[in-house]
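A quick write-up on the structure given underneath.
Labels below follow one simple rule: chain letters A, B, ... track the order of the sequence lines, proteins then strands, and each chain is numbered from 1.
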Amino acid sequence: SDSGTVGDVCNLSPAVLGLSRRCRLKGNSSVMWTERVERERCLPKLNQTRPDQTRPHQTRLYQTRPDQTVPDQTRPDRTRLYQSRPEQTRPDRTRLFLTSPLLSSCEGKKTFVKTRGAFVYFRVAGPQRGARGRSTRAVRVGIVRHTGTRSSRMGEFTVHRVRFFHYMPSAVRALAFQPQRQKIAVARTDGSLEILNRADHLFQEKVIPGREQRGTEALAWAGQRLFSAGLNGELVEYDMQELREKYRLDASGGPVWTLTCNPQGTRLAVGCEDGTVKLFEVCDDGIQFERNLAKQKGRILSLSWHPSGSRLVAGMAGVIWVFDAGTGQSVHRLLVERGTGAPRSKECVVWSVVCLSDGTIVSGDSSGNVKVWDGDTGTLIRNHQVTKWDVLALSVSQDETSLVAGTSEGTVVQFQHLSVVLGREDKEWVQTRTFKNHTHDVRAVLELDTAVVSGGMDTQLVVRPLLDKIDVKTSASALRKIHFPHRRLVSCSRTARLLLFQHRIHLELWRLGESEGTGVPGSSLPIKRKPEKLLHLKTKVSKLPKVVSSANQICFSSDSSYLFTASTCSSVHVLALSQSGCTFVCTLKPKSCSGQAILLLTASDDGKWLAAANADHEVQVYNLQKRKAYCTVPVYSSGVTAMSINPATNNLFMVHADQQIFEFSLEQKQYTDWSRLVHRKGLHPQWLERDTPVTNVTFSPRNPAHVILHDMYMFCIIDQTLCSVVVRVVYNCLSSHERSSQPLPERNSQLVNQLTLRSLPEKERRAHSHAFKICKTFKHKSWILCPALLGPDGVLVPAVVVKLFSLLQELLFVELLEDQSLVVIERPLLDITAQLPPPVRQKKFAT
Amino acid sequence: MAAQQRGVSHSNLEEITIGQMSASSEDEGPEEVAFDASKTVALKSMKDALESVKRGKEQLKEKRRKRQLFFQKQKEKRLPQTLLEELETVPQKQPKPSDEKDEEDTEKKAEVKKPARVSKSLQGNCSVMWVKDRSTAYSLQQSAMDFVHARLYGPGTQRTTNAQVLSLERKRGLNQGAAVQFVNKKLGAEQKAKAERTNKRFIRKQKLIPS
């Protein structure tokens, strides 16, 4: 079938031998195998003499001391830059750098080069040394190399800061909540569907890919079943176990604008373009058309059931109809007048409508009003002017005491059912709070009693706690913003130095740039070869066995001889790869099948083990030599977000959605001592309070005891050897490793302590350092540490301290290559915001 | 007729007044006008008016006839004989596929012949065929999407650009800085191009570079 889009799931073989050995997967539709190679050099060559004209992103050179004039004859190639951009034009920038403590200590010999909005610091060698010409060539991948004087063992490495992955998430269109299982379904404009588990730290458990042509407009849960409807006029039911569409049904009423299920979960109401409200009966094996309600003129844009299921309220352009669901006839017709100052030609569109159990109808319309109507008499009770733009979405809480409205302004307005006069019984809907967490239109809101979930055109999902409903403030009740998917979008070949990027409908293959020579710590290195886009895949060429026609996840063995694909019913297919093609070998089936789809797959380096985590939080381990199920990791209450098998010890390292870390020894079929110690001591509260899940776990190739984790805002190196030493200390055994006696972080100590360590004298550092080395971005005028690895004394070797917005932006991926160079793929949120559809124009005072 | 009578009487009055005037000035009696003469004058004027109306009608008729002729000629120009012939052949082809199985053989022959006959209006070895059934559903979906877009982003919705909003944030927020188009080089491309153009114009205007 061709229902999937290119690159829903993709993976890159760890040892890609040339370009022919590459396999892609079409999510839920087919695994692809391609051998056609297209080379595409998309980067223009750097012209050394005229960088301004040849490069799309100019390299600007800023001098730190404006009074210091540089003689032109020493730098003939750079005079042009200075002439075109005199120092006086940017006094603020100069001042910024001069006030930095680092610069003041360097006596004005530092220079900054700005590349693609980032400041990469490097040292100017002075006119007499002649090394300066090279350093100006800091380009897209800013490479920072460390040659620490203290550490020769592992301090030296390069950092590839990759900014050419232009990942663009799509806007949130609809939200639906399933109260029994605490699942939130999110429909995006690209047709994909995400299921978040509210009970499990809002972990994005399942993703069902889709097509943009579907134009999804509405979502509805009918019990445990999920339905969606779109502008292509089709109703779709999803298979929650296999993560795909179960069936689709044409509603035969033109584009479908809205879909609601009655509170009993037995009937679906569908509002169509042709003005009909269609009722569908939810059967065991599908849905069946029941009847049409009285046809109206115009499109039905919003629908709401009365909680008893006897009435149905439909919002249209300029009018709200109340239908009797039994007879199908209209009961009331409520006229919605357009707001003052609106043009005659534009009718007031009722974008959203909610019917409450006492018969009250609440409507949100395009003139920015939230109107409260009496449903029995059909009269307007109250009118709240919320915004000058549209009110796009409404949602009421289960107990009907609170109501939220999402507006085009990006605000979410809360209304509460309160008695206006103290002690009186009669209650009114009163506008109480306004939350502004979005920059663009809010297209969907959910009121979940203790929190408000909102999503919109700015592609993020915001979970805002209602603090008056929360008794104990915990990390679970904090404000959360979900920007990136909770899974990997990048896969990296460590030896071939290739990166595979997964876009919405295509894949990109890039080769990393290379540099030569060494520099002082923190300097940007000259580029020998620029990063190169090798492939841009949009079409599919399928040459694979039919068994693997659909897969949820794929994974390669470390020697690229096998391909594992996750299939239906938690089973894994094994395929043997050769230069000629691939052949089906066998199917691995778990001992006890829960039937849930597999979300993560990982194979061990020695080709012996394969671990598969499914949506039911189960982790199955297979023995690849015997080709059968080996054991099951004890089920933990939270889902696995990332896992990997340690190449040295064959321990399975797992990170869960609640930020807990487990290490499971596959040979002994039990948790390791390190894991037990970590859980006995408990992880640091700051670690547990992080709100983005760890999406990738890797091990340092030189020292597998160093585990590298990353989430959206930080990356962390956990030194397991340090903790294992502590185990011996705990058990009163003697340790031979004197150099590394650092414990896990104490509860009351600082977790992100790398900066503090730097300020301490070297002798005291050891006493204060611990096993979690965290590199993080800090918001707003704080300092950050450049990515660096551990020094011999357990402190991250800091490259340079620079202001925030320059270094580490929001991370999509971190991987350590074979040659100890770190690939950091960043995607600044600012870049995403800049590409969104236009926001509303608001007048701000004094601007 | 009444109007004419009035007109006649008016003219008589005029004459009378003129006569009075002249009489008062030159002491002469009014000039005598015979009744017959005035009658003939009135009748002639009536006839003239009727004739002119008739002529106008005839002219209009002529004009219409000419116009119709022109249209007919134009139509003939638009539809050349060859095209009309082609059009005539079309209805003969259409019923064929719905024929019963008895005529399958003849149908096949006709199908074999079909590719040989290439439409004259198309150049080369081209033929027109129905590529995809772009049903009404697609157009309906498009119109629905246009509706939403017009309501949210159409004229009168008071929208601005992302760059402006981000720049405002940077102007007012905690970490103040330069406008986004200066920080993010992608955004400033338009402004930069514009600045470049104005610079060039300025240089040309001021004649800074002697050409």
Rounded to the nearest 0.5 Å, what separation is found between the [atom1] atom of [X] and the [atom2] atom of [Y]?
| X | Y | atom1 | atom2 | answer |
| --- | --- | --- | --- | --- |
| B/N162 | A/I832 | CG | CD1 | 12.0 Å |
| B/E169 | A/L830 | CD | CG | 9.0 Å |
| A/T439 | B/L166 | OG1 | CG | 7.5 Å |
| A/S408 | B/Q158 | OG | CD | 11.0 Å |

Mind telling me whether B/F147 and A/W257 have parallel, tilted or perpendicular rings, with 30° and 60° as the class edges?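 It falls in the perpendicular class, over 60°.
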Taking atom [atom1] of [X] as the centre, report whether more than 12 heavy atoms of other residues, nucleotides or ligands fall under 6.0 Å from it.
| X | atom1 | answer |
| --- | --- | --- |
| B/Q206 | CD | yes |
| A/K436 | NZ | yes |
| A/K297 | NZ | no |
| B/Q72 | CD | yes |

Please classify the contact between [X] and chain B as side chain, backbone, both or neither, with a heavy-atom cut-off of under 4.5 Å.
| X | answer |
| --- | --- |
| A/N232 | both |
| A/D274 | neither |
| A/S366 | side chain |
| A/P837 | both |

For the student: nearest non-hydrogen atoms of [X] and [Y], plus distance:
| X | Y | value |
| --- | --- | --- |
| A/L231 | B/A144 | CD2-CB, 4.1 Å |
| A/P838 | B/T160 | CB-O, 3.0 Å |
| B/T157 | A/W389 | O-NE1, 3.0 Å |
| A/R841 | B/R159 | NH1-O, 3.5 Å |

Go through the atoms of B/R151 and report whether side chain, backbone, both or neither lie under 4.5 Å from a heavy atom of chain A. both
Contact part of B/L168 toward chain A, heavy-atom cut-off under 4.5 Å: side chain, backbone, both or neither?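 Contact with chain A involves the side chain of B/L168 alone.
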Has B/Q141 got a side-chain atom pairing as donor or acceptor with A/Q213's backbone, closer than 3.5 angstrom? yes
